[in-house]
Amino acid sequence: MKHELRFGMITELYSTVTGSRKASALDLLDHWFPGLIVEEDRSGIRKDAVYDDLQYRIKAVRVNGRLYTGNDSRTIQIIGRLNGTAKGNQETEQKTAELIRKHLAYLIAEDDHTAADLFDHVHEQLAALDDSVQQKLCTQLQEYALYAAEERTAMDEYTRVHEPFPMDEEVFSRIVYNVIYQTGLQTFRGLCCAWLWMLCGSLLRNEAGRVTRIYDSAWVPVFRETAETPDLADKIDYLQHPEQYEYVYLGDDLDARFPGVEWYCDHCTAHLNDQPGFDDHRNVWVCSRCGCENRISSEEIYDSRQDWYSGRHTNDPAKFRKAIRRRRKEKRT
Ligand SMILES: [Zn+2]
């Protein structure tokens, strides 16, 4: 079995795990992205679903509770592209599907309400599942992402680039990483985040890059981009086996108590290191912007803002001190 980021494949995974009724691609698009791709035609007259170019939406009639797809071949092709199942080379329909993705990615990235509404919707849907099903979904999502990463690594360069509608390395990596990160938290919120990343990644494909550049895995706007993007396999390995990694400090700020650590206000996120008089030897620093008291201690150090937000603590104070000692030694010799 192949583990690809395609809408049809991951909604299939969902229905298998949750035992939900099989639904058409049109119904699933409407179910997971309500109001964003499908617009219900309430005329009451049964007719083929048609794509409206100006609104980037498919207009469809509901018959007996299900959206009616009908026989309009262009619309069927477009749905197939979005679902990631259609084959053949209908270039125009592929372009149309790209336009829909672009439009949707734009809404999710630029309009706060769209992203928040989507998250609430996913939250509501998953909250309705039994605990054991949630747990199973979490495990299966993580496995799926790990397999997807593995299969991609095993693929040779030629296949990766020449497969039909390939996904960019950067976008693929971020989606897969976000899913593994969030499912690894083993929390309900983490599951919601992971499932939403799967949905967005598989539907938006490369256009999801617009979204991953703006939100971190916890769907919190990205604070600061890290300069280097390590290899996906290394990132996953670090996520799953943090104890096997050592800290390295290469800077010269050896007078500081926590060399190389940037401090941010818990309340207003101001950069504390830049505030006049900041000294990390103090145990508490009062933010000069908002007045919030911030504790300055090794327990408050996280690898990233996303770790802080998710309460994911992998920082080992002993390793940190060791890295600083090592650096001091290097400087002396
Ligand atoms: Zn503050």
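Both ligands and their constituent atoms are indexed starting at 1 by order of listing.
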Practice item. Would you kindly confirm whether Tyr177 and Leu146 end up in one hydrophobic cluster when ILVMFWY residues are joined by side chain heavy atoms under 4.5 Å apart? Key: yes

Review point. Is Val179 reachable from Val17 through a run of I, L, V, M, F, W or Y residues, each pair having side-chain heavy atoms under 4.5 Å apart?
Key: yes

Check your understanding: Taking C-beta and beyond as the side chain, do Leu104 and Glu207 meet within less than 4.5 Å on heavy atoms?
Key -> no

Review point. Ignoring water, what protein N, O or S atoms are under 2.8 Å from the Zn ion (ligand 1)?
Key: Cys265 SG, Cys268 SG, Cys287 SG, Cys290 SG

Practice item. Decide whether a cation-pi geometry holds between Arg62 and Tyr68; the criteria are a distance under 6.0 Å from NZ or CZ to the six-membered ring centre and an angle within 45° of the ring axis. Key: no

**Study point:** Short side-chain donor-acceptor distance under 3.5 Å, Asp111 and His113
**Key:** no

Review point. By the rule that ILVMFWY residues connect when side-chain heavy atoms come within less than 4.5 angstrom, directly or transitively, which residues belong alongside Tyr249?
Key: Leu254, Phe258, Val261, Trp263, Leu272, Phe278, Trp285, Ile296, Ile301, Phe320, Ile324

